[in-house]
Amino acid sequence: MSGIPAISVNNVIKSFKDVKAVKGVSFTIKKGEYCALLGPNGAGKTTLMEMIEGIQNPDQGEIIINGQTWKKNELEIHKILGISLQETNFFDKLKVGETLELFSSFYDLESERSNEILDLVNLQEKKNALVKNLSGGQRQRLSLGIALINRPEILLLDEPTTGLDPTARREVWEILFRLKKEHNITMILTTHYMEEADYLCERIIIMDKGTVLADGTLDQLVAKNNGAEIIEFSIEGEASNGFKLNDEKIKMVRDDKNEKWKITVDDIASTLPSFLEEMKQKGIKIKSLECRKMTLDDIFISMTGRRLDE
Ligand SMILES: Nc1ncnc2c1ncn2[C@@H]1O[C@H](COP(=O)(O)OP(=O)(O)OP(=O)(O)O)[C@@H](O)[C@H]1O
Ligand SMILES: [Mg+2]
């Protein structure tokens, strides 16, 4: 029954005393889709993930996984989910191989499965290392390995690469890519890193303050934000506090943090000459100028006035 969505989240609400952590979120994830839940600290990502994972109950709304609900089909759902939490405590005195064997035994799996996982997450050479001696990246891969042990159809990963350096992060990405290609897994991962969402996931859901701000492919999100390209520049002298361009169609925003101006345009090549000409006529000297594609960070700023990492 491939027509059934992998995950449906229908108008889900969750509060903790006076904190409204998730305020009516809805979305549907198709089978085989890789979706990033992107948002700053406190956006409600973990709370939402834990409700999908059956760890917390929504106050209102409904979560359906593969056509089933936690209330009625707990065992069936557990069989198809692979979960990695934002913070995982392993048994530090166990070796990597022993840890995987322990988790295999929870699922009644053959012990050969732990060897397959060591291959899958590139930890074969650490089989006999104590878990407490693993590097941050190796620990995250072990955590991913544990999530994969029961051959899940759906992976739910809460910040699988936070705190990792670019090389270690890339290693995790490569594993996730391979899983998509070879096993058609469905995945939701939460992240603060826009590059991660952009690189790994065809679908991006931006959350802030408990609600969904945007949902779609990167191209769709860019299209909703008046343009696809950005000219970012800084200028010398008094005008740096404020000035206007004649073309009213151009949206100009000043970022006080780095004292730069930003214009969003459809096409840099056709806008840049008239922009430079106008700056010259106004007698404004440009200190720096960068032309680039719109990023998820630009989209987040235009929606909230804040940066993703603030
Ligand atoms: N068990 C809890 N008790 C009280 N408040 C909570 C609890 N869990 C989460 N919250 C609050 O709910 C809001 C959302 O938290 P959540 O952990 O879901 O955010 P997040 O998007 O995962 O953030 P981060 O990126 O920092 O992990 C926050 O204001 C948080 O303080
Ligand atoms: Mg979180």
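Numbers for residues simply follow the sequence, beginning at 1.
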Could you list the donor-acceptor pairs under 3.5 angstrom formed between side-chain atoms of residues 7-22 and any protein atom two or more places apart in sequence or on another chain?
residue : atom : partner : partner atom : Å
N10     : ND2  : E62     : OE1          : 3.4
K14     : NZ   : N57     : O            : 2.8

Would L218 and M294 satisfy side chain to side chain contact (heavy atoms under 4.5 Å, CB included), going step by step from the backbone distance to the final call? CA-CA 10 Å; L218 181 58; M294 186 179 244; over 6 Å; no
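- Atom CD of Q86 is surrounded by more than 12 heavy atoms from other residues, nucleotides or ligands within 6.0 Å.
- Considering every non-hydrogen atom in both A269 and P273, the closest pair reads O-CD, 3.2 Å.
- Rounded to the nearest 0.5 Å, atoms CD1 (I117) and CG (N115) are 10.0 Å apart.
- Here the side chain of R113 pairs a donor or acceptor atom with the backbone of I149 at under 3.5 angstrom.
- Across L48 and M207, no two heavy atoms sit closer than the pair CD2-SD, 3.9 Å.
- Classification of the F233-W261 ring pair by plane angle, with boundaries at 30° and 60°, yields parallel.
- Every residue two or more places apart in sequence or in another chain that forms a side-chain hydrogen bond (donor to acceptor under 3.5 Å, both in side chains) with S135 is listed here: Q138.
- K95 NZ to L130 CG: the interatomic distance, rounded to the nearest 0.5 Å, is 7.0 Å.
- Of the possible donor and acceptor atoms, one in the side chain of K45 sits under 3.5 Å from a partner among the backbone N and O of P40.
- Scored by the side chain to side chain contact (heavy atoms under 4.5 Å, CB included) test, T295 finds M194, R292, D297, D298 as partners (sequence neighbours excluded).
- Looking at W173, its side chain never comes within 3.5 Å of a backbone N or O of A168 through a donor-acceptor pair.
- The list of salt bridge (charged side-chain N to carboxylate O under 4.0 Å, His left out) pairs with a residue in residues 126-147, not counting sequence neighbours, reads D92-R139, R141-E171.
- Taking the side chain as every heavy atom from C-beta outward, V172 and L164 approach each other to under 4.5 Å.
- Scanning both residues, I63 and P58, for their nearest heavy atoms gives CD1-CG, 4.3 Å.
- Environment of OH in Y199: crowded, with over 12 heavy atoms of neighbouring residues, nucleotides or ligands closer than 6.0 Å.
- Side chain of T217 to backbone of Q220: a donor-acceptor contact under 3.5 angstrom is found.
- Atom CG of L189 sits about 7.5 Å away from atom OG1 of T161, to the nearest 0.5 Å.
- Checked by atom type and distance alone, the side chain of S84 never pairs as donor or acceptor with a backbone atom of S143 at under 3.5 Å.
- Side-chain contact check for L144 versus I175: some heavy-atom pair is nearer than 4.5 Å.
- Under the side chain to side chain contact (heavy atoms under 4.5 Å, CB included) criterion, K285 pairs with E236, not counting sequence neighbours.
- Within the structure, ring pair (Phe, Tyr, Trp, His ring centres under 6.0 Å) contacts touching residues 21-67 (residues at least two apart or in different chains) do not occur.
- The minimum heavy-atom distance between L156 and M49, with the atom names listed, is C-CE, 3.8 Å.
- Judged as a side chain to side chain contact (heavy atoms under 4.5 Å, CB included), and not counting sequence neighbours, the contacts of L272 are I231, I268, F275, L276, L289, C291.
- Distance NZ/K71 to CD1/I77: 12.5 Å, rounded to 0.5 Å.
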Passes side chain to side chain contact (heavy atoms under 4.5 Å, CB included), E53 versus L85? Steps please. CA-CA 10 Å; E53 289 157 354; L85 301 177; 3.7 Å; yes
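- More than 12 heavy atoms of other residues, nucleotides or ligands sit less than 6.0 Å from atom CD of E277.
- Remark: K282 engages E278 in a salt bridge, criterion side-chain N to carboxylate O under 4.0 Å.
- Judged as a side chain to side chain contact (heavy atoms under 4.5 Å, CB included), and not counting sequence neighbours, the contacts of T167 are D165.
- With values rounded to the nearest 0.5 angstrom, K181 atom NZ is found 11.5 Å from L179 atom CG.
- Under the salt bridge (charged side-chain N to carboxylate O under 4.0 Å, His left out) criterion, the residue pairs touching residues 191-210 are E33-R203, K180-E202, R203-D215, D208-R306, with sequence neighbours excluded.
- Across all non-hydrogen atoms, the minimal contact from G163 to Y193 is N-OH, 3.3 Å.
- K293 pairs by the salt bridge (charged side-chain N to carboxylate O under 4.0 Å, His left out) definition with E229, not counting sequence neighbours.
- For the pair L155/L176, a side-chain contact is recorded, criterion being any heavy-atom separation below 4.5 Å from C-beta on.
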Would you tabulate the side-chain donor-acceptor contacts of residues 101-110 under 3.5 Å, counting partners in other chains and residues two or more places apart, or write 'none'?
residue : atom : partner : partner atom : Å
S104    : OG   : L100    : O            : 2.9
S105    : OG   : L102    : O            : 2.6
E110    : OE2  : R151    : NH2          : 3.2

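- Put simply, the side chain of N150 gets close to the backbone of L81: a donor and an acceptor are under 3.5 Å apart.
- Placement of I55 and I64 in two distinct hydrophobic clusters is found when ILVMFWY residues are connected by side-chain heavy-atom separations under 4.5 Å, directly or transitively.
- I83 and F91 end up in different hydrophobic clusters when Ile, Leu, Val, Met, Phe, Trp and Tyr side chains are linked at under 4.5 Å.
- Put simply, the side chain of I206 reaches to within 4.5 Å of the side chain of L221, judged on heavy atoms.
- Screening residues 78-88 for salt bridge (charged side-chain N to carboxylate O under 4.0 Å, His left out) gives no qualifying pairs among residues at least two apart or on separate chains.
- Atoms NZ and OG, on K287 and S234 in that order, are 5.0 Å from each other to the nearest 0.5 Å.
- Both I29 and L37 belong to a single network of hydrophobic side chains, linked directly or stepwise wherever heavy atoms of I, L, V, M, F, W or Y lie under 4.5 Å apart.
- For T186 against A6, the heavy-atom pair with the smallest separation is CG2-CB, 3.7 Å.
- Looking at I65 and I52, their side chains come closer than 4.5 Å, going by heavy atoms from C-beta outward.
- Taking the side chain as every heavy atom from C-beta outward, F300 and L38 never approach each other to under 4.5 Å.
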